[in-house]
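Encoded as structure tokens, the structure appears first; notes follow it.
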There are 2 protein chains.
Amino acid sequence: MENIRELFQVMTRRFGLLNKNCCSIDDVDISLVQSHILYEIDKREHPSMQQVAEALGMDITTFSRQIQNLVKKGLVKKTPLPEDRRVYTLSLTTEGKFIATTIDREINRYLEEVFSHMTEFEKETVIRSIKLLNECMAKSSVCCKPLF
Amino acid sequence: MENIRELFQVMTRRFGLLNKNCCSIDDVDISLVQSHILYEIDKREHPSMQQVAEALGMDITTFSRQIQNLVKKGLVKKTPLPEDRRVYTLSLTTEGKFIATTIDREINRYLEEVFSHMTEFEKETVIRSIKLLNECMAKSSVCCKPLF
DNA sequence: ACATATAGTTGTAATTTGCAAATAAAATAA
DNA sequence: TTATTTTATTTGCAAATTACAACTATATGT
């Protein structure tokens, strides 16, 4: 039996690199964390700071500062919630949405390239496998709580 | 069809977190990058600085300093290569080997926990899928060159 | 011997990180 | 209603991480 961790280590590192490489759009520089933040805000509808920070397993203070950067860059908008003015609601600006979409397209294009080396059946199998894996990781009690 | 990037994003993030959580052994604190470095040195036999830095897609200067830290912690040994004295050969000390092994066991234990939510057949399928995926990523021309 | 290339290190300055403490707005208790 | 506690977010600060440019030291080619 092959070393299972090895497989994960390699895959994870590769995808991390991929993400990193795909993060300079136009003349806007986006760090890896920032791209994760954009992705997460884009996916949810008007999440709070806490929610996103927790989803990413980030310290809230670090997150706060990253959001400040993204706001300064004009990619994220922070709107105070009327019902509870302690809470800020996050959303992407038009520019932010554009960046997020571009990154997404970039990564998906790469993934398609990778899948092009497989048969349609293999591709389906791999995708179903990862889906299953995610579900089982979510079930797990040991670790990785902060996600979903 | 589900969003493929989403699947990868979640999985990668989870595994990254897992790695991060598993990095405090005894009273030695190991950062995520450092654990990757230990892993890579352990896997290869007496690699050079360049080789490991490249495998991890790290800037060589950053890597150099990380190695200095690991040497200071007594986890890594740097041996000049007799044939070419510009080159340093990296290896783990006994302590370093112990730490690397402990992290490895920790992560494998978690992975086993995750797989315990699957049938044996599903497990086999998932592992084969990830293996295939890695192979196809390696074939790809677009991105992720620095690895293997 | 001289120029050039390679492996690794340091100077330095910017960025990122997270703990502790502060602010500010609910929610709850009295 | 006021006082107390809890919750969401922000700052102070000091340490760790990063990467570019410049440097040292060794090896290779002419």
Side-chain angles (χ1 to χ4, degrees), chain A residues 13 16-17 19-21 23-24 27-38 40-41 44 46-73 75-91 145-146, chain B residues 13 16-17 19-21 23-24 27-41 44 46-73 75-91 146:
Chain A
R13 209 184 284 154
L17 270 191
N19 246 325
K20 199 190 266 170
N21 292 342
C23 283
S24 237
D27 48 353
V28 188
D29 274 341
I30 306 287
S31 75
L32 184 56
V33 251
Q34 286 171 351
S35 91
H36 274 269
I37 294 175
L38 292 181
E40 209 58 30
I41 295 177
R44 298 157 185 260
H46 300 287
S48 74
M49 307 264 298
Q50 294 265 3
Q51 285 170 336
V52 180
E54 178 149 330
L56 297 175
M58 280 180 77
D59 185 280
I60 183 70
T61 71
T62 304
F63 183 78
S64 171
R65 276 184 248 256
Q66 286 290 3
I67 289 294
Q68 289 172 33
N69 294 339
L70 289 169
V71 169
K72 241 179 273 162
K73 285 187 186 183
L75 305 181
V76 167
K77 197 167 58 142
K78 257 173 64 181
T79 317
L81 193 70
E83 308 94 275
D84 184 340
R85 281 163 50 221
R86 290 170 303 181
V87 178
Y88 284 93
T89 266
L90 299 173
S91 56
K145 287 284 172 36
Chain B
R13 212 186 281 155
L17 270 191
N19 247 324
K20 200 191 265 171
N21 291 342
C23 284
S24 237
D27 48 352
V28 189
D29 274 341
I30 306 285
S31 75
L32 184 55
V33 251
Q34 285 170 353
S35 91
H36 274 268
I37 293 174
L38 292 182
Y39 178 80
E40 208 60 29
I41 295 177
R44 298 158 184 257
H46 300 288
S48 72
M49 307 264 297
Q50 294 266 2
Q51 285 170 337
V52 180
E54 178 150 328
L56 297 175
M58 280 180 77
D59 185 281
I60 183 71
T61 71
T62 304
F63 183 79
S64 171
R65 278 185 246 257
Q66 286 290 3
I67 290 294
Q68 289 171 32
N69 294 338
L70 289 169
V71 169
K72 241 180 271 160
K73 286 187 184 181
L75 305 181
V76 166
K77 197 168 59 138
K78 257 172 64 180
T79 317
L81 194 69
E83 306 94 276
D84 185 341
R85 282 160 53 220
R86 290 170 303 179
V87 178
Y88 284 94
T89 267
L90 300 173
S91 55

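Protein chains get the first letters and strands the later ones, always in sequence-line order, with residue 1 at the start of each.
Applying the 4.0 Å criterion to OP1 and OP2 of C:dT17, one finds that A:Gln66 has a side-chain N or O inside that range. Put simply, A:Asn69 has no side-chain N or O that comes within less than 4.0 Å of OP1 or OP2 on C:dT15. A close approach under 4.0 Å does not occur between any side-chain nitrogen or oxygen of A:Thr61 and OP1 or OP2 of C:dG18. Taking side-chain N and O atoms only, B:Thr62 has a distance below 4.0 Å to OP1 or OP2 of D:dA19. Put simply, A:Gln68 has a side-chain N or O that comes within less than 4.0 Å of OP1 or OP2 on D:dT11. Close to D:dT26, at under 4.0 Å from its OP1 or OP2, lies a side-chain N or O of B:Arg85.
Judged by closest nucleotide on DNA chain C, B:Gln50 is the one of A:Asp84 and B:Gln50 placed further toward the 5' end. Comparing B:Phe63 and A:Leu81, the nucleotide of DNA chain C nearest to each residue sits closer to the 5' end for B:Phe63.
No side-chain heavy atom of A:Gln66 sits under 4.5 Å from any side-chain heavy atom of A:His36. Side-chain contact between A:Leu70 and A:Ile41 is absent, with no heavy atoms from C-beta onward closer than 4.5 Å.
Nucleic acid contact for A:Tyr88: sugar-phosphate only, since backbone atoms but no base atoms lie under 4.0 Å from a heavy atom of the residue. Residue contacts for A:Gln51: at a heavy-atom cut-off of 4.0 Å it reaches no nucleic acid atom on any strand shown.
Rounded to an integer number of Å, the gap from CD1 of B:Ile60 to P of C:dG8 is 6 Å. Spacing between atom CG of A:Asp29 and atom P of D:dA19 amounts to 13 Å, rounded to whole angstrom units. Atom CD of B:Gln34 is separated from atom C1' of C:dT17 by 14 Å (rounded to the nearest Å). At whole-Å resolution of the value, CD in A:Glu83 and P in C:dA27 are 11 Å apart. To the nearest angstrom, P of D:dT17 lies 17 Å from CG of A:Leu32. Remark: C1' of C:dT16 and CG of A:Asp59 are 11 Å apart, rounded to the nearest angstrom. When rounded to the nearest whole Å, the span between CG of B:Leu90 and P of C:dA7 equals 14 Å. When the P atom of D:dT10 is taken as reference, atom CG of A:Leu70 falls 12 Å away, rounded to whole Å.
B:Asp29 and B:Gln34 get closest at one heavy-atom pair: O-OE1, 4.0 Å.
Side-chain atoms of B:Arg65 and base atoms of C:dG8 include no donor and acceptor less than 3.5 Å apart. In the interface, the side chain of A:Arg86 is paired with the base of D:dT7 through a donor and an acceptor atom under 3.5 Å apart.
In this structure, B:Ile67 CD1 and B:Ser64 OG are separated by 8.0 Å, a value rounded to the nearest 0.5 Å.
Around NZ of A:Lys77, the count of heavy atoms belonging to other residues, nucleotides or ligands within 6.0 Å does not exceed 12.
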